[in-house]
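Worth saying up front: this structure is predicted, and the values here are computed from it rather than measured.
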Amino acid sequence: MLLEPTELGGDELLVNAIAGAPDEVVPVEFGCDRLDFAPDPPITLLDASTQEIAIAIEQKTTSRNPRSTVGTVTEIYDYLRLLYARVGTAYSPATGKPIAAQSVRQIVERLRTQQANKKLFILAPIVRGRKGEHRKKLQELLAQGYQRVRIDKNVYELDLLLSDQSPTPLNTLIDRKKNHDIDIVIDRVVMKDADEARLADSIETALNLADGIMYSVDMDDGTETAFSSRFCCPVSGFTIDEIEPRLFSFNSPQGACRACDGIGTMRVFALERIIPDHQRSLQNGAVKVWHDTALGKYNTPLMLQAAQEHGIDINAPWDSLNDDQHQWLLNGDGSKRKSGFIGIMPLLQRQYQRGAFWVHEELNRYMSERPCPTCNGQRLKPEALAVKIDNKTIIDVTHLTITACLKWVRGLDKKLTAQQKEIASRILNELTQRLSFLNDVGLTYLTLERRSATLSGGEGQRIRLASQIGSGLTGIIYVLDEPSIGLHQRDNQRLINTLLRLRDQGNTVIVVEHDEETIRAADHIVDMGPEAGIHGGDIVAQGTLKQVLRAKKSLTADYLNRKKAIDVPQKRRTSTKDLTIIGARHNNLKNLTVRFPLQTFTCVTGVSGSGKSTLVIDTLYQAMHGFIYRSGMQGGTHDRIDGLQNIDKVIDIDQSPIGRTPRSNPATYTGTFNFIRQWFASLPEAQARGYAVGRFSFNVTGGRCEHCKGDGVIKIEMHFMPDVYVTCEACNGKRYNHETLAIRYRGKTIADVLDMTVEEALDFFKAIPPLKARLTTLMHVGLGYIHLGQQATTLSGGESQRVKLARELAKTQTGRTLYILDEPTTGLHFEDVRKLLNVLHRLVEQGNSVIVIEHNLDVIKTADHIIDMGPEGGDKGGTIIAQGTPEHIVSQPGDTARYLKPLLPKPRP
């Protein structure tokens, strides 16, 4: 196994070495602080040629895309789609009976009875939702005698379309990079006078040409009707074109609900946000969206005038108006007129559709997600929901918990016919392996339809692992970057057991990790250091756990041997002021009332998925942000929060990047660079040349290198591959032009300063108080090794979070700030955790309040107050198991108490 306690990219070097050099022997030399390396059998040289495949599972956040679900991330849904396409049975929504094949005679009768007196095209679908030019196929059809083709619902003469003299060349109609629908026109018939033999012949030709599918299209209004020689209800006429995996995909036009495009929800204006206070009158701002924004400048007078003309008292409270008046005000009289008052909701919808970007931003605050009324939140078309296995649709299966879904899959062996078993055997095997992995790592309560964006960090990490290591492969090199992120100690042991099973199956498992349990479970450890950055890069110890523990210059060994430790505070802080959330019911929270003592260090703990982030981030932080900054955030469902008057600032210090471009760096983010530029501008040589502060900015014209626009690198777009950045040849990556670089302080240019580490810069500018103060804060959070000008895109999540902390430390403290951190120890070594805790406790000593969501026991044991949630994740979580000091928590039941107790001093008798 492999460990890396600091952010120096050792895991990336390892992945590149294994995946990029299959015919070479790669030595274990990585620029990181420490790593555990556990090949089986243990060796110190890795011969990549002995393995077939290397799979790297990187540390990254869960997708926020609403289309991403547990099922899609783990690929379980892909296998379910294949299962339903191959052994599913289509049922008629009208009769509930299996859909039978339609004969040519039945199709003729349906056309005569249902589409009499109409002019119809008889079409054979050749291409459905596929990319390509399709010229060769059309030429073949022309050679077979077909004269007309319909491309994306427009009909063309086929011979003219393919000729060189065509006014509409084929390549202008069909973009090979986009999806298209192409149908061959088999016949044009007037049903009133249609010859039955000719009609039957045309239908049979269409079915043969399109593999059992045909369409009739009304020439007047374009209405399409599908017919199939395979799946059609003789009573209702309900038809399914074809049962293929894409029919069950909510990310494909062939399967997605047309109304919501497969999202399952629609953003609509929420009455409770538009009119939140029912005691207000129309005159007094009952319609909040128009009262609080510039959008009401025209609409409010329009509404008031129309209401008076309609006999509505505009000074009466909203609650006192009757239902008919409410209905008229909200929806109008159903008129489609383009001016005048048409109702609050239609006017808002019109403003949203026609408005500029800022209008959308304003109105989004008054909208909420509701299940799509067409598919009832099921994402798919009726055709897909008509296919069942064991009386369940594919959506019914995704609503099952992992445990229930695994039981259902295993039980299919008794429900399928012998032929279906033979077809589905390999699919069921894949489903069983992946579901079993999720079950084994403690995600029994999740459902496959759960959106990825709603998962906790620990849940997201484990489902990503399931997508790669849940398939039961052997002979694979697995490289995992901190798989224990977001995991409670109980879940961590389950993960370790899974990794050990992977090893026992004949795989090589390499883990970049900081967790003590994982280190102790490793077969072979390579510890790098002795510190970070320029002070690291050496192997300080390697071998078995016993061998590493004997190392003399290893910080890791010192902590494992308990020579160094994070001390338990002698005294816990108490407070008379607090924040209290009352009636928290968002997601899985069970109507909680929770007290957060202020001016203390509070830890929120519990197993993954127990509701920690929902309580602290989604409810407390968002509600406070909306109250303090009037941002429009309302927070998750709750009754109220008491004690808001005790806080004047709330800051969520998360692990999101400090910037997404090469221009952003620690110096600019923390404000340190402003002082550096001012200092260079004050130098005699700069003043003699008339250089102002702006001359030393790489963001504006003047002093920067214009070839790279101050980036120091040139971006080369690679289209289908990631963009490549190369060093600018004009400035050699220094960002500035020659004239600016002529200004030096103590022999260093401003580009040289940006290339310094924080530690070097602190020594260089120690005589300049403003710079010394800011650089000292970066040192205090353990970032002495990063470069001032290091691109923000190269910083890890843990580094970004600590840069944000350093910026906060440099500010003047009011003593009434609430800091919220979600798992700040991610990616940190024991020594880095100690430094981080010193900073957080320093913030509390200044009178501020700190709330941390954390699983790290070294952090939890130093807390003044703990709120432990659980007892399980998902629906079985969302309650408070215990709250109080760590000493009180360990006297209560719960998984957190069980793991925390050994770390606290035993009480004196």
What's the shortest heavy-atom distance between Ile389 and Tyr84, and which atoms?
-> N-CE2, 3.6 Å
Please step through side-chain hydrogen bond (donor to acceptor under 3.5 Å, both in side chains) for the pair Gln419 and Thr417, ending with a clear verdict.
-> CA-CA 5 Å; Gln419 185 183 28; Thr417 65; 5.3 Å; no
Short question: side chain of His278, backbone of Ile275 - any donor-acceptor pair under 3.5 Å?
-> yes
Using a strict cut-off of less than 4.0 Å between a Lys/Arg side-chain nitrogen and an Asp/Glu carboxylate oxygen, indicate whether Glu75 and Arg81 qualify as a salt bridge.
-> no
Closest non-hydrogen atom pair, Val289 against Leu363 = CG2-CD2, 3.7 Å
Sub-3.5 Å donor-acceptor pair from the side chain of Asp175 to the main-chain atoms of Lys177, do we have one?
-> yes
Looking only at heavy atoms, what is the nearest atom pair of Val127 and His180, with distance?
-> CG1-O, 3.5 Å
Kindly check if the number of other-residue, nucleotide or ligand heavy atoms within 6.0 Å of NZ (Lys590) is above 12?
-> yes
Is the closest basic N to carboxylate O distance between Asp181 and Arg150 below 4.0 Å?
-> no
Any salt bridge between Arg128 and Glu244, counting N to O under 4.0 Å?
-> no
So, for Trp290 and Tyr366, is the gap between ring centers shorter than 6.0 Å?
-> no
Compare every heavy atom of Ile820 with every heavy atom of Asp652, then report the nearest pair and how far apart it is.
-> OD1-O, 3.3 Å
List the steps, then state whether salt bridge (charged side-chain N to carboxylate O under 4.0 Å, His left out) holds for Asp822 with Lys612.
-> CA-CA 9 Å; Asp822 192 349; Lys612 303 182 296 297; over 6 Å; no
Any donor and acceptor pair, going by atom type alone, linking the side chain of Asn376 with main-chain N or O of Gln378 inside 3.5 Å?
-> no
When you check the side-chain N and O atoms of Arg494 and Thr498, is any donor under 3.5 Å from an acceptor?
-> no
Close side-chain approach of Asn364 and Tyr352, heavy atoms under 4.5 Å | yes
Do Arg434 and Glu430 sit within salt-bridge range, that is, some charged N less than 4.0 Å from a carboxylate O?
-> yes
Mind checking the CD-CG spacing from Glu383 to Leu247? Nearest 0.5 Å is all I need.
-> 7.0 Å
Do Phe596 and Thr580 come within less than 4.5 Å of each other through their side chains, counting heavy atoms only?
-> no
Taking the inter-plane angle between the rings of His855 and His488 on a 0 to 90° scale, is it parallel (under 30°), tilted (30 to 60°) or perpendicular (over 60°)?
-> perpendicular
Under 3.5 Å, side chain of Arg462 to main-chain N/O of Val441, donor-acceptor pair present?
-> yes
Would you say the side-chain atoms of Ser249 pair up with the backbone N or O of Arg246, donor to acceptor, closer than 3.5 Å?
-> no
Can you name the nearest heavy-atom pair linking Ala90 to Ile243, along with the distance?
-> CB-CD1, 4.1 Å
Separation between CE of Met367 and CD1 of Ile274, rounded to the nearest 0.5 Å | 8.5 Å
Will you find, in the side chains of Asp221 and Thr223, an N or O donor that is under 3.5 Å from an N or O acceptor?
-> yes
Examine the side chains of Asp396 and Thr393 and answer whether a donor and an acceptor come within less than 3.5 Å of each other.
-> yes
Ionic contact status for Glu369 with Arg451, cut-off 4.0 Å | yes
Centroid-centroid distance, Phe250 to Tyr77, less than 6.0 Å = yes
Nearest non-hydrogen partners of Ser608 and Leu487, listed with the distance = OG-CA, 3.9 Å
